[in-house]
Amino acid sequence: MVKETEEEILFSMKLFITEDFVQEIVSQGPRVKVLQPDSLIHEVKRYHQEAMDLY
């Protein structure tokens with residue numbers, strides 16, 4: 001854990017970014033914000049944009 005406050009928990013992880021991991025993040029909706037790496041941020045945005053494009 002890097003930082004914990006009443007409003008948030010900030011932590012760092014070293015892992016391989018897999019499709020399953022991205023889907024897990026996306027499934028959390030607005031409860032999760034990816035700060036790094038940029039490639040993961042773009043992937044999460046792409047998932048959300050594709051869902052928005054359906055409506």
Side-chain angles (χ1 to χ4, degrees):
M1 185 175 354
V2 175
K3 176 183 168 186
E4 182 175 0
T5 68
E6 287 187 27
E7 294 84 33
E8 67 183 7
I9 297 174
L10 179 64
F11 61 94
S12 176
M13 297 171 62
K14 289 186 180 186
L15 51 87
F16 290 103
I17 298 172
T18 65
E19 187 74 16
D20 289 337
F21 182 71
V22 174
Q23 288 178 1
E24 184 61 36
I25 290 173
V26 170
S27 74
Q28 299 303 310
R31 294 183 301 263
V32 173
K33 181 177 181 179
V34 176
L35 302 176
Q36 290 182 16
D38 287 341
S39 60
L40 181 56
I41 294 169
H42 293 300
E43 188 69 13
V44 170
K45 283 182 177 180
R46 184 184 65 78
Y47 265 83
H48 286 297
Q49 187 60 55
E50 287 179 5
M52 294 283 295
D53 290 346
L54 293 174
Y55 299 95

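These numbers come from the heavy atoms of this one structure, side chains and all, not from hydrogens, waters or symmetry mates.
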* Residue Q36 excluded, over 12 heavy atoms near CD under 6.0 Å -> no

* Side-chain heavy atoms of V32 within contact of V44, under 4.5 Å ->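 Result no, sub-4.5 Å side-chain heavy-atom pair not found.
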
Atom [atom1] of [X] and atom [atom2] of [Y]: how far apart are they, to the nearest 0.5 Å?
X: Q23; Y: Q28; atom1: CD; atom2: CD; answer: 12.5 Å
X: Q49; Y: L54; atom1: CD; atom2: CG; answer: 10.0 Å
X: K3; Y: I9; atom1: NZ; atom2: CD1; answer: 12.0 Å

* If you look at every heavy atom in I41 and L35, which pair is closest and at what distance? ->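 Heavy atoms only, the tightest pair is CD1-O, 3.3 Å.
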
* Asked: What closest approach, in Å, do S39 and I17 show between heavy atoms, and which atom pair accounts for it?
  ->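 So the two residues come closest at OG-CD1, 4.3 Å.
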
* **F16-M13 co-clustered via ILVMFWY side chain contacts under 4.5 Å** => no

* Asked: Do F11 and L40 share a hydrophobic cluster (ILVMFWY, side-chain heavy atoms under 4.5 Å, transitive)?
  -> yes

